Amino acid sequence: MTAAPASVRRWTRFTPAERVARSMLYVVAAAAVVWSLKAVEIIPEFLYDAPEQTADLFKRMWPFDWGFYPKGVHDVLIETFHIATLGTILAILLAVPLSFLAARNFTRNPLLNFVAQFVFVSSRSVNSLIWALLFVAIFGPGALAGVLSIAFRSIGFVGKLFGEALEEAQRGPIEALTAVGAPRITILGKGYWPQVEPAFWSVALLRWDINIRESAVLGLVGAGGIGVALDAALNNLYWDQVGLILAVIFAVVIATEIVTSAIRSRIL
Amino acid sequence: MTAATLARKRPPAFPASWTSRLAWSGLALYAVYASSLMELTWPRFLKGLENGAKFLDRMFPPNFEADKLELIRDGMLESLQIAVLATFFGVLLSLPMGLAAARNLAPPWLSWGARGLIAVLRSFHPVIVSILFVKAVGFGALAGILALIVSTVGFVSKLFAEVVEEMNPKQVEAVRATGAGFLNVLAMAVFPQVMARFVGLAVYQFDSNLRNSTMVGIVGGGGIGAPLFTAYQRFDYDVVLTILLVIIALILLCELVSGRIRRVFQ
């Protein structure tokens with residue numbers, strides 16, 4: 001075997017800087033895991049009876065307390081549905097105008113772009129449970145606080161994704177409409193809307209799907225919906241009711257997923 | 001034939017779609033009906049504004065006393081540890097899970113089984129899952145870690161399976177043609193194609209786990225959630241504000257860092 005001449009170029013996938021950056025990241029990640037494993041407080045005494053406790057949990061849950069459904073679950077389940085749906089609608093109403101402000105091709109004003117982006121980031125970085133805490137303190141416990149917290153958490157999500165869809169809209173149709181002197185409302189309705197409609201529906205459906213899941217826990221902090229029943233059942237240690245509520249939530253989530261994928265395949 | 005009849009025969013450029021009009025009005029009617037159930041009356045709104053003002057008044061200035069800061073630091077560190085460990089173990093489990101759910105690699109019985117399991121894992125909010133783990137393994141960080149592992153596996157393996165299904169089959173065929181076994185196909189043909197996206201998913205999930213690890217404490221799953229909820233229930237709104245500020249700062253910092261990391265791995 002002969003040694004390769006020095007002039008032959010060696011092909012590598014990454015530059016040295018990239019390789020260093022990558023291995024640094026692995027080291028940092030490993031260090032973080034080791035630190036967490038050492039520092040995290042786990043009480044071993046609790047672990048000894050974990051299998052027993054788990055078996056006990058399922059024994060207490062089954063059979064479900066089916067009789068509880070008509071008097072304690074049905075109404076709050078409907079309320080959960082309203083919270084998620086109305087919250088999503090409200091979020092869309094608030095987020096769509098903002099996403100036009102955030103889209104740099106529609107609004108050519110860096111300050112307005114920044115303001116809209118700032119609203120989105122602050123909406124997304126606060127968890128919906130925290131929004132719920134705030135709105136319960138303001139409007140008192142109930143579904144209204146739930147709707148507002150779902151809406152405020154969703155503004156950032158809907159606005160960010162819909163704003164990105166607007167920025168990807170093609171210039172052609174819009175320039176054509178501008179050239180024939182169409183008013184701004186027509187440019188929106190016939191230039192932008194047909195291009196972004198699929199993105200709009202897919203974002204709306206995706207967020208609705210997420211909101212159905214999230215609205216089920218808002219009741220733990222008093223913001224209405226099925227979480228209130230769950231919280232009560234947990235505090236009273238009525239595990240057969242807890243089991244029923246979890247089964248109902250599971251059924252609703254699966255049903256939502258089927259519905260959204262059916263709508264998606266029909267209109268997209 | 002006059003010009004008028006010609007004009008009439010020409011179909012409009014944007015024909016009205018009655019189904020979509022019907023759907024939109026149905027949606028509007030629903031919104032009006034559902035909002036009427038919310039009992040939002042004008043006096044309640046005014047009362048709400050008043051409460052909001054009181055609430056803000058009690059929030060400011062945020063409480064930066066030393067003992068409170070110590071409590072917050074411990075809680076935040078625990079939330080961070082929960083997020084790190086849940087991401088690590090969750091991502092580790094998602095790797096085989098995602099491969100099992102990919103229809104182009106796994107036999108149908110395996111991929112449908114894995115998909116069903118992923119759907120079950122995804123269907124519950126992490127806070128609800130941690131209620132169950134608090135009962136099973138007691139109060140504390142472990143319950144939160146286990147709950148977030150469940151949601152990590154649900155999310156990462158679903159998207160990872162999609163990434164694997166989208167990969168280029170030619171490289172897999174080429175490696176198979178050399179007589180390589182399944183593990184060699186994975187190492188030489190599959191991983192080089194999908195690893196970058198997988199790391200991206202893992203980093204994204206770390207962000208999401210960090211957000212949720214600040215919440216699992218509300219039901220006893222460890223982390224900053226417990227001091228936050230206690231302060232809220234005691235009407236110590238100035239402490240609540242401090243905790244919220246710290247949470248938001250940490251989340252924004254992590255988003256910045258993870259954005260950088262994803263760029264390195266692209």
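All of these numbers come straight from a predicted model, not from anything done at the bench.
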- Specify which of Pro51(A), Ala32(A), Ala137(A) makes the most heavy-atom pairs with chain B at under 4.5 Å. Ala137(A)
- Item | Max heavy-atom pair count under 4.5 Å with chain A, selected residue of Ala83(B), Ser123(B), Gly225(B), Gly48(B) | Ser123(B)
- Would the number of heavy atoms belonging to other residues, nucleotides or ligands and lying under 6.0 Å from CZ of Arg19(A) be above 12? yes
- What distance separates Leu244(B) CG from Ile130(A) CD1, expressed to the nearest 0.5 Å? 5.0 Å
- Hey, can you tell me if Phe45(B) and Phe139(A) have their rings parallel, tilted or perpendicular (30° and 60° cut-offs)? parallel
- Message: I'd like to know which of Val126(A), Val217(A), Ile210(A) tops the heavy-atom pair count under 4.5 Å against chain B.
- Response: Val217(A)
- Item | More than 12 heavy atoms of other groups within 6.0 Å of Arg124(A) CZ | yes
- Message: Given heavy-atom pairs under 4.5 angstrom as the criterion, report whether the side chain, backbone, both or neither of Leu133(A) touches chain B.
- Response: both
- Message: Give me the atom names and distance for the closest heavy-atom approach of Arg153(A) to Arg211(B).
- Response: NH2-NH1, 4.5 Å
- Going by the angle between their ring planes, with limits at 30° and 60°, are Trp201(A) and Trp24(B) parallel, tilted or perpendicular? tilted
- Item | Heavy-atom contact with chain A under 4.5 Å, split by part of Tyr33(B) | side chain
- Any residues in residues 234-242 of chain A near chain B, with a heavy-atom distance under 4.5 Å, and which are they? Leu234(A), Trp239(A)
- Which residues in residues 132-146 of chain B have a heavy atom less than 4.5 Å from any heavy atom of chain A? Leu132(B), Lys135(B), Ala136(B), Val137(B), Gly138(B), Phe139(B), Ala141(B), Leu142(B), Ile145(B)
- So, for Ile138(A) and Phe55(B), which heavy atoms are closest and what is the spacing to 0.1 Å? CG1-CD2, 4.5 Å
- Message: The criterion is ring pair (Phe, Tyr, Trp, His ring centres under 6.0 Å); which residues satisfy it with Phe157(A), sequence neighbours excluded?
- Response: none
- Message: Rounded at 0.5 Å granularity, tell me how far NE2 in His125(B) sits from OG in Ser128(A).
- Response: 5.0 Å
- Task: Name the region of Val33(A), side chain, backbone, both or neither, that has any atom closer than 4.5 Å to a heavy atom of chain B.
- Result: both
- Most heavy-atom pairs under 4.5 angstrom with chain A, which of Leu56(B), Leu85(B), Ile82(B)? Leu85(B)
- Message: Under 4.5 Å from any heavy atom of chain B, what part of Phe135(A) do you find: side chain, backbone, both or neither?
- Response: neither
- Message: Take a 6.0 Å sphere around OH of Tyr30(B) and say whether it holds more than 12 heavy atoms from other residues, nucleotides or ligands.
- Response: yes
- Pick from Ile89(A), Leu57(A), Thr54(A): which one has the most heavy-atom pairs with chain B under 4.5 Å? Leu57(A)
- Identify which part of Val120(B) has an atom lying under 4.5 Å from any heavy atom of chain A, answering side chain, backbone, both or neither. both
- Sort Leu77(B) into side chain, backbone, both or neither according to what part of it lies under 4.5 angstrom from a heavy atom of chain A. both
- Task: Against chain B, label Leu230(A) side chain, backbone, both or neither, depending on which of its atoms sit under 4.5 Å from a heavy atom there.
- Result: side chain
- Query: Is it the case that more than 12 heavy atoms not belonging to Phe200(A) sit under 6.0 Å from its CZ atom?
  - Reply: yes
- Item | Interatomic distance, Leu37(B) atom CG to Glu79(A) atom CD [nearest 0.5 angstrom] | 9.0 Å
- What residues of residues 249-262 of chain A sit under 4.5 Å from chain B when you count only heavy atoms? Ile249(A), Phe250(A), Val253(A), Glu257(A)
- Would you mind telling me which of Arg122(B), Gln233(B), Glu255(B) has the largest number of heavy-atom pairs within less than 4.5 Å of chain A? Arg122(B)
- Task: Between chain B and each of Ser36(A), Gly224(A), Ala21(A), count heavy-atom pairs under 4.5 Å; write down the option with the most.
- Result: Ser36(A)
- Item | Heavy-atom side-chain proximity of Ile131(B) to Leu220(A) below 4.5 angstrom | yes
- Message: Let me confirm one number: the OG-CD1 distance from Ser122(A) to Ile248(B), rounded to the nearest 0.5 Å.
- Response: 8.0 Å
- Query: With only heavy atoms counted, which part of Met24(A) is less than 4.5 Å from chain B, the side chain, the backbone, both or neither?
  - Reply: neither
- Message: If you compare all heavy atoms of Gln81(B) against all heavy atoms of Ala39(A), which two are closest, and at what distance to 0.1 Å?
- Response: NE2-CB, 3.1 Å
- Message: Any heavy-atom pair between the side chains of Leu134(A) and Tyr237(B) that's under 4.5 Å?
- Response: no
- Query: Atom NE2 in His82(A), atom OG in Ser36(B): separation rounded to 0.5 Å?
  - Reply: 8.5 Å
- For chain B, which of Leu90(A), Asp231(A), Ile83(A), Val221(A) has the most heavy-atom pairs under 4.5 Å? Val221(A)
- Give, for atom OG1 of Thr214(B) and atom CG of Leu129(A), the distance between the pair rounded to the nearest 0.5 Å. 9.0 Å
- Task: Please look at Glu50(B) and chain A and tell me whether the side chain, the backbone, both or neither of the residue comes under 4.5 angstrom of a heavy atom of that chain.
- Result: neither
